[in-house]
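Below is one structure, written out as C-alpha cells; comments come after it.
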Amino acid sequence: MEKDYRIIQNEALSHEMEEPRFIIINPDTGEILDNNNGWGYRSEINARRAYEYKLAESDDSNESLEVSEGEIEKAKDFYREHRELYQALINVSPFPPDMYTTLNDDGTESISIHDMDGKTRESFSLDVVKRLLVEYGYDKEVSAEAIYQAYNKYE
C-alpha cells in the first residue's frame with residue numbers, strides 16, 4: 001500500500017449517496033488507492049482512520065482470538081447500542097450487493113436499492129470488523145474479535 005496519499009471528496013459518489021463521500025488517491029498520479037469498495041467514506045477522518053489502519057495492518061491474518069462468553073455478550077450489547085456500527089455490520093454480506101439496510105428510529109428496518117456498478121460487497125470477516133471499528137472510532141472501546149464472534153453468534 002502506498003504511504004503517500006490524499007483524501008478528496010468524490011462528487012459522483014457524493015451525488016449517488018446523497019451525502020459527502022471521500023476516497024483516497026495517489027497525489028501524483030490521481031490513481032484511486034481506496035474507495036471503500038466503491039462506497040466512499042462518510043468523512044475525511046473516517047477515510048484517514050481506515051487507510052492508516054490498512055497501512056499498519058496490511059499483513060494481518062484473519063485468525064480470531066479466544067474471547068470469553070462475557071466479552072461476547074458485552075460486544076453484542078455494544079454494537080446494538082451503537083446504531084451506525086450495527087447498520088454497517090448488517091450491510092456487509094450476505095445480502096444481495098444492491099440492497100442497503102437502514103435501521104429506523106422506531107426499531108424497524110428499511111431496505112433501499114443502490115446502483116452497484118463498479119462496487120463490491122465485502123465478505124464478513126474479522127478484518128472487515130477491525131476496519132469498521134477504526135472507521136467509526138470504536139477500535140479502542142471494544143475488541144474486534146468479540147464483535148466478530150458476537151455478530152456471528154447472534155445475527
Side-chain angles (χ1 to χ4, degrees), residues 1-62 64 74-105 109-152 155:
M1 294 189 91
E2 297 186 37
K3 294 184 185 216
D4 189 21
Y5 66 90
R6 194 167 112 207
I7 300 168
I8 63 166
Q9 183 173 344
N10 182 282
E11 294 304 321
L13 286 174
S14 297
H15 178 72
E16 179 184 338
M17 301 304 288
E18 299 177 355
E19 65 182 6
R21 293 295 174 143
F22 298 86
I23 62 171
I24 314 290
I25 65 165
N26 177 313
D28 298 324
T29 65
E31 173 190 8
I32 296 173
L33 302 175
D34 184 12
N35 64 4
N36 196 18
N37 291 318
W39 293 96
Y41 291 95
R42 291 181 174 198
S43 70
E44 287 184 61
I45 191 77
N46 287 349
R48 185 173 321 288
R49 283 178 181 158
Y51 195 72
E52 289 291 333
Y53 177 80
K54 288 177 182 181
L55 285 173
E57 302 293 326
S58 60
D59 60 353
D60 228 15
S61 74
N62 223 12
S64 65
K74 286 179 185 175
K76 175 189 73 171
D77 293 341
F78 184 87
Y79 72 72
R80 287 186 176 171
E81 289 169 9
H82 294 84
R83 187 168 154 186
E84 71 281 0
L85 176 61
Y86 192 18
Q87 187 168 289
L89 291 168
I90 289 170
N91 283 295
V92 175
S93 271
F95 294 108
D98 58 348
M99 292 177 62
Y100 187 81
T101 303
T102 303
L103 297 173
N104 301 317
D105 290 335
E109 297 177 357
S110 297
I111 296 177
S112 57
I113 306 297
H114 292 274
D115 176 14
M116 289 298 295
D117 290 342
K119 299 178 180 75
T120 58
R121 175 121 335 140
E122 298 173 286
S123 296
F124 187 73
S125 67
L126 180 57
D127 285 340
V128 169
V129 173
K130 287 178 180 178
R131 182 184 54 76
L132 288 173
L133 289 176
V134 169
E135 182 177 334
Y136 288 99
Y138 297 133
D139 55 311
K140 305 291 187 231
E141 297 181 46
V142 65
S143 151
E145 289 82 4
I147 294 284
Y148 178 74
Q149 290 184 22
Y151 195 82
N152 276 329
E155 305 305 328

* With a 4.5 Å heavy-atom cut-off, do E145 and K130 have their side chains touching? -> yes
* **E19-S14 side chain donor-acceptor pair, cut-off 3.5 Å** => no
* Side chains of D77 and K74: does their closest heavy-atom pair fall under 4.5 Å? -> no
* Just how far is it from atom CD of E16 to atom CD of E11, taken to the nearest 0.5 Å? -> 13.0 Å
* Asked: Atom CE of M17 and atom CH2 of W39: how far apart are they, to the nearest 0.5 Å?
  -> 5.0 Å
* How many angstroms lie between atom CG of L132 and atom CG of D139, to the nearest 0.5 angstrom? -> 11.5 Å
* Over 60° means perpendicular and under 30° means parallel, so classify the ring planes of Y79 and Y86, tilted if in between. => tilted
* Asked: Are the aromatic rings of Y138 and H82 close, with centres under 6.0 Å apart?
  -> yes
* **Polar contact flag, side-chain donor to acceptor under 3.5 angstrom, R131-N36** => yes
* Minimum-distance pair of heavy atoms, taken over all atoms of A144 and L133 -> CA-CD1, 3.5 Å
* Rounded to the nearest 0.5 Å, what's the gap from CD on E84 to CD on E135? Could you check? => 10.5 Å
* **Name of the residue among Y5, Y51, F22 meeting side-chain contact (heavy atoms from CB on, under 4.5 Å) with D34** => Y51
* **Step-by-step side-chain contact (heavy atoms from CB on, under 4.5 Å) determination, Q9 to R21** => CA-CA 6 Å; Q9 183 173 344; R21 293 295 174 143; over 6 Å; no
* To do: Answer yes or no: does atom CD of E18 have more than 12 heavy-atom neighbours from other residues, nucleotides or ligands under 6.0 Å?
  => no
* **For R6, all residues meeting salt bridge (charged side-chain N to carboxylate O under 4.0 Å, His left out), sequence neighbours excluded** => none
* NZ on K54 to CG on D127, rounded to 0.5 Å -> 10.0 Å
* **N26: partners by side-chain contact (heavy atoms from CB on, under 4.5 Å), with sequence neighbours left out** => E2, D28, T29, E31, L33
* Please say which of I23, I24, I25, N10 ends up in a side-chain contact (heavy atoms from CB on, under 4.5 Å) with N35. => I23
* Is there side-chain contact between E141 and F78, with heavy atoms separated by less than 4.5 Å? -> yes
* To do: Kindly compute the distance separating OG (S143) from OH (Y148), expressed to the nearest 0.5 Å.
  => 12.5 Å
